[in-house]
Amino acid sequence: MGIVTHERILCAVGRVLDLVDAQSFSIAETTNGGLRLDYIASTGVAQTLDLSLNDISDLIEWHPASADRQAGHAPTALRRLLAAREREPELVGAR
């Protein structure tokens, strides 16, 4: 994996935020060395994702354009995030 820099960590978190089309976000370090990612999804729903050190490592190595994504081998944290996104209620406009 090489040296893990702040840039690589933030790049990986940024890919996740782009994927969920986050409108705003905050990142905090957890007591176990992981990260807590709070964001407002494009639907306006607040979400939280706790990333362990293993999750962060997986996200750093994951590349959205790779064949792994098409094969369903996205990192565990990303699969949890996408599953939560699918369960979000959709906002329906009233007429």
Can you list everything that forms a side chain to side chain donor-acceptor pair (under 3.5 Å) with Asp18? Sequence neighbours excluded, please.
none
Supply the atom-to-atom distance Gln23 CD to Leu17 CG, rounded to the nearest 0.5 angstrom.
11.0 Å
Does the pair Asn54 and Ser52 meet the rule for a side-chain hydrogen bond (donor to acceptor under 3.5 Å, both in side chains), with working shown?
CA-CA 5 Å; Asn54 286 338; Ser52 69; 5.0 Å; no
Working to the nearest 0.5 angstrom, can you tell me the gap between Glu7 CD and Ile9 CD1?
11.0 Å
By side chain to side chain contact (heavy atoms under 4.5 Å, CB included), Thr48 pairs with (sequence neighbours left out) Arg36, Asp38, Asp50
Report yes or no: do Val45 and Ile40 belong to one cluster of Ile/Leu/Val/Met/Phe/Trp/Tyr joined by side chain heavy-atom distances under 4.5 Å?
no
Evaluate the side-chain contact (heavy atoms from CB on, under 4.5 Å) criterion for residues Leu51 and Leu49: first the C-alpha distance (whole Å), next the side-chain angles of each, then the deciding distance (0.1 Å), finally the verdict.
CA-CA 6 Å; Leu51 300 171; Leu49 181 63; 3.6 Å; yes
Using side chain to side chain contact (heavy atoms under 4.5 Å, CB included) as the criterion, list what pairs up with Ile27, not counting sequence neighbours.
Leu10, Val13, Phe25, Leu35, Leu37
Keeping the roles fixed (side chain from Arg8, backbone from Ile3), state whether a donor-acceptor pair exists under 3.5 Å.
yes
